[in-house]
2 protein chains.
Amino acid sequence: MANPAPLINEQSPLSKVRLRVWIRLLKASRLIEDDLRRKMRDECDWTLSRFDLLAALDRVPEGLKMSDLSRRLMVSNGNVTALVDKLTTEGLAHRVAVPGDRRAFLVQLTDQGKAEFAKTAQVHEGWVDDLLGSLGLDEAEDLLQTLGHVIDDIETGGPGISQPRKEGL
Amino acid sequence: MANPAPLINEQSPLSKVRLRVWIRLLKASRLIEDDLRRKMRDECDWTLSRFDLLAALDRVPEGLKMSDLSRRLMVSNGNVTALVDKLTTEGLAHRVAVPGDRRAFLVQLTDQGKAEFAKTAQVHEGWVDDLLGSLGLDEAEDLLQTLGHVIDDIETGGPGISQPRKEGL
DNA sequence: AATCAAAATTTTATTATTGAAATAAGTTTT
DNA sequence: AAAACTTATTTCAATAATAAAATTTTGATT
């Protein structure tokens with residue numbers, strides 16, 4: 001009655017709705033990210049990548065390997081190398097040897113790094129709170145859950161594995 | 001009105017939840033975008049920017065000005081120039097004069113451009129449908145609505161205007 | 001041990017994007 | 001109609017990110 005949902009989803013409403021979701025998700029994300037990036041630059045003279053890197057390190061006091069950082073931040077290895085190098089010369093982070101593996105090391109925040117991050121993180125949280133000001137608690141929690149499902153689905157079943165979905169196209 | 005919302009939101013749970021929402025939104029967005037970018041490159045030999053540009057043009061048959069494209073795609077003017085130049089030399093788009101304003105022109109798709117976009121758009125929709133496969137219709141529609149609110153709020157009340165929020169800090 | 005493949009990081013060359021200055025056309029003010 | 005703005009686009013130099021190759025170390029197999 002309401003929706004006879006065709007089995008062939010080539011033209012199904014659902015795939016169109018999902019497409020619109022993606023477009024809107026991307027737009028929201030860019031809108032927020034661009035604004036945060038601009039504020040970071042103008043008001044703190046930081047790049048957003050730098051903030052993200054410090055945020056990742058701040059959450060794991062024992063430190064993270066380069067490859068962990070690369071994976072978590074979803075940026076290339078070379079990029080992490082350059083970022084960590086810069087933070088190191090500025091005294092915000094340092095590399096410490098991993099006992100038993102001379103290839104790798106852990107990147108940790110210095111005390112100065114922790115302190116500077118703490119300051120900026122507070123300001124950053126305020127910006128985000130402003131930008132997402134339209135979200136009430138319930139709405140925010142729903143969103144959190146839905147996005148969580150999407151992420152899990154992509155990370156587990158998703159891209160690399162590509163289970164067969166349909167025969168024709 | 002409806003929300004007793006503490007005036008000091010510095011440590012309020014809500015701002016923390018919003019921060020988590022932002023982090024998750026960004027993660028989902030990157031996960032999807034990276035995957036689409038990779039597939040575009042590997043399977044179609046297209047950049048994602050190219051696809052986005054064609055998509056914008058496809059929706060507006062009468063054509064769009066460079067500045068419109070720049071605004072819609074949220075990329076710089078110079079970037080649009082370069083992209084349109086490339087599409088033009090490949091015969092997918094062309095510039096047509098705007099009567100009455102010799103500064104501007106409209107960028108339109110050529111027939112070839114429309115045809116090639118149509119093909120790729122179909123494939124693209126399939127990828128998105130897969131990536132967002134965890135979203136049912138209801139969930140997708142909720143998400144659509146919530147993201148719509150977020151976007152509207154940012155675009156109208158948001159960044160440029162910056163009504164005073166707090167004195168301290 | 002000697003060899004080989006995998007893992008962790010760095011280096012490199014290339015590409016994409018930006019932001020700012022430059023050019024040019026249109027609009028408003030005086 | 002001159003001067004001063006604003007808008008539309010392009011050019012250009014600098015930045016940031018990537019992908020791929022190179023280095024070094026580890027772990028496993030023979």
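Throughout, protein chains are lettered first and strands after them, A, B, ... in sequence-line order, and every chain is numbered starting at 1.
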### Query
Atom CD of E33(B) and atom P of dA16(C): how far apart are they, to the nearest Å?
14 Å

### Message
Looking at D85(A) and R95(A), is any side-chain nitrogen of the basic one under 4.0 Å from a carboxylate oxygen of the acidic one?
### Response
yes

### Task
Please check if atom CZ in R20(A) has more than 12 non-hydrogen atoms from other residues, nucleotides or ligands closer than 6.0 Å.
no

### Message
Distance check needed: dT24(D) C1' versus N77(A) CG, whole Å only.
### Response
15 Å

### Integer-rounded Å distance: dT25(D) P and F105(A) CZ
12 Å

### Message
The side chain of T81(A) is closest to which nucleotide in this list: dT11(C), dT9(D), dA8(D)?
### Response
dT11(C)

### Task
Mind calculating the distance between CZ (R50(A)) and P (dT15(D)) to the nearest angstrom?
15 Å

### Task
May I have the distance from L87(A) (atom CG) to dA16(D) (atom P), rounded to whole angstrom?
12 Å

### Message
Tell me the closest heavy-atom pair linking L36(B) and L131(B), and the distance in Å.
### Response
CD2-CD1, 3.8 Å

### Query
Is the backbone N or O of K86(B) less than 3.5 Å from a side-chain atom of T89(B), with the two atoms forming a donor-acceptor pair by type?
yes

### Task
Tell me whether the OP1 or OP2 atom of dT18(C) has a side-chain N or O from N79(B) closer than 4.0 Å.
yes

### Query
Rounded to whole angstrom units, what separation is found between the CG atom of L69(A) and the P atom of dT18(D)?
14 Å

### Sugar-phosphate, base or nothing in reach of R95(B), heavy atoms under 4.0 Å
sugar-phosphate

#### Entry: Cationic N near anionic O, under 4.0 Å, D68(A) to K65(A)
no

#### Entry: d(CZ, R37(A); P, dT15(D)) in whole Å
15 Å

### Task
Between dT18(D), dT10(C), dG26(C), spot the one nearest the side chain of M66(A), thanks.
dT10(C)

### Task
Tell me which of S76(A) and R102(A) sits closer to the 5' end of DNA chain D, going by the nucleotide each one is nearest to.
S76(A)

### Task
Answer yes when E125(B) and R18(A) have at least one side-chain N-carboxylate O distance shorter than 4.0 Å, and no when they do not.
no

### Query
Where each residue is assigned the nucleotide of DNA chain D containing its nearest heavy atom, which of G78(B) and S49(A) is assigned the position nearer the 5′ end?
G78(B)

### Message
Can you tell me if S67(A) touches the phosphate of dT9(C), counting only side-chain N or O atoms and a distance under 4.0 Å to OP1 or OP2?
### Response
yes

#### Entry: Most 5' of V80(A) and V80(B) on DNA chain C, judged by nearest nucleotide
V80(A)

## Note on the structure
In whole angstroms, the gap separating P of dG27(D) from CZ of R103(A) amounts to 6 Å

#### Entry: E155(B) and K27(A) ion-paired at < 4.0 Å
yes

### Task
Respond yes when some side-chain nitrogen or oxygen of R41(A) is under 4.0 Å from OP1 or OP2 of dG19(C), and no when none is.
yes

### Message
Check this one for me: any side-chain N or O of T47(A) less than 4.0 Å away from OP1 or OP2 of dA16(D)?
### Response
no

### Query
Pairing of DNA chain C as dot-bracket, 5' to 3': ( ) intra-strand, [ ] crossing, | other strand, . unpaired, with Watson-Crick or G-U pairs under 3.5 Å?
||||||||||||||||||||||||||||||

### Query
Taking the side chain from S70(A) and the backbone from V75(A), do they hold a donor-acceptor pair closer than 3.5 Å?
yes

### Task
For A104(A) and for D85(A), locate the closest nucleotide of DNA chain C by heavy-atom distance; then report the residue assigned to the nucleotide nearer the 5' terminus.
A104(A)

